[in-house]
Structure formats: structure tokens, C-alpha cells
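Notes to accompany the following structure.
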Amino acid sequence: MSGRRVAVLVTAVVVVVVAVVLAVLRWDDANKLSTALSALAGLAAVGVGVWAALPGSSGRRRVRASRTGKATAGRGGQANTGVIVVKGAKTAEAGEGAVDDVRADKTGDADASGGGDANTGVRLD
């Protein structure tokens, strides 16, 4: 399960638990509890806003290939199911310049039996 789904699930559970607790408590106690929870939620929202505004992972550039299919190279061609990083290349994933993190995970088969070049992992050119 992805982190986003876990966050939504946990949030939904917390909302249901708080709703049940507020429904069971007496009016005065529920009022005090809801005031405290509102203040805490406001502080948490400010913290999340500050966290979201901070630059992520120190500007690292990443390129990833995962769960790719099969590729077959013809005579003299290339079969690539991984990642080929060319020095100084401008790519949509990484932008222009150095790439800090390159990963190939669970890539498909690359067949170059016809005399070509095959890559299923990471190749740095």
C-alpha cells in the first residue's frame, strides 16, 4: 500500500474515532475536547505547510525504470528495458546536467541475439 493511501486511511480512522468520542461525551466535555483538537489540527496544518514549502531531497535529480516490458534489438540496433544516461543530455525526467540517482528495478528482458546491443539495467554513456 502506498504512503498516500496509508495517510488517507489513517486520517479516516482518526475522524471516525473522534466523531464517536464526541458523540458519547457530555456537551461540556465534548466542547473542551473539540477546542483542543481544533488547535492541534491548526498547528499540524501549519507544520505540513512549512514542510511542503521546503525543497525536497536537496535538489537531487532521479531517473528510474521499473516493471518494463520486453525489448528486442534487430541487427545492429539497441534493446533497452532499463536506463541509459548520456552525459550532459537533457531529459524530461532529470532536466539538464548531472543525474544523482539512477535506478532500474524489475526490468523486462532485452534481447540482442540478432547482433545488436542489449541493456536491462543502468548504462552510463
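As the structure is a prediction and not an experimental result, all values here were calculated from the model.
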*Can you sort out the partners of Ser113 under side-chain hydrogen bond (donor to acceptor under 3.5 Å, both in side chains), two or more places apart, ordered by chain and number?*
Asp111
*Of all heavy-atom pairs between Ala30 and Leu22, which one has the smallest distance, and what is that distance?*
O-CD2, 3.5 Å
*What heavy-atom pair brings Ala118 and Ala110 nearest, and what distance separates the two atoms?*
CB-O, 3.7 Å
*Would you name the heavy atoms of Ala65 and Thr107 that are closest together and state the gap between them?*
O-CG2, 4.2 Å
*Do the side chains of Val48 and Leu40 join up, straight or via other hydrophobic residues, at under 4.5 Å, putting them in one cluster?*
no
*asked:* Quick check: is Leu9 connected to Val15 through a chain of hydrophobic side chains (ILVMFWY, heavy atoms under 4.5 Å apart)?
replied: no
*Taking only residues two or more places apart in sequence, or in another chain, which ones meet Asp29 in a side-chain hydrogen bond (donor to acceptor under 3.5 Å, both in side chains)?*
Arg26
*Rounded to the nearest 0.5 Å, how far apart are CG of Asp109 and OG1 of Thr68?*
9.0 Å
*Are Val10 and Val13 connected in a single hydrophobic cluster, I mean Ile/Leu/Val/Met/Phe/Trp/Tyr linked by side-chain heavy atoms less than 4.5 Å apart?*
yes
_Please determine whether residues Val14 and Val21 belong to a single hydrophobic cluster, defined as Ile, Leu, Val, Met, Phe, Trp and Tyr linked transitively by side-chain heavy-atom distances below 4.5 Å._
yes
*Roughly how far, to the nearest 0.5 Å, is the CG atom of Asn31 from the CG atom of Leu25?*
11.0 Å
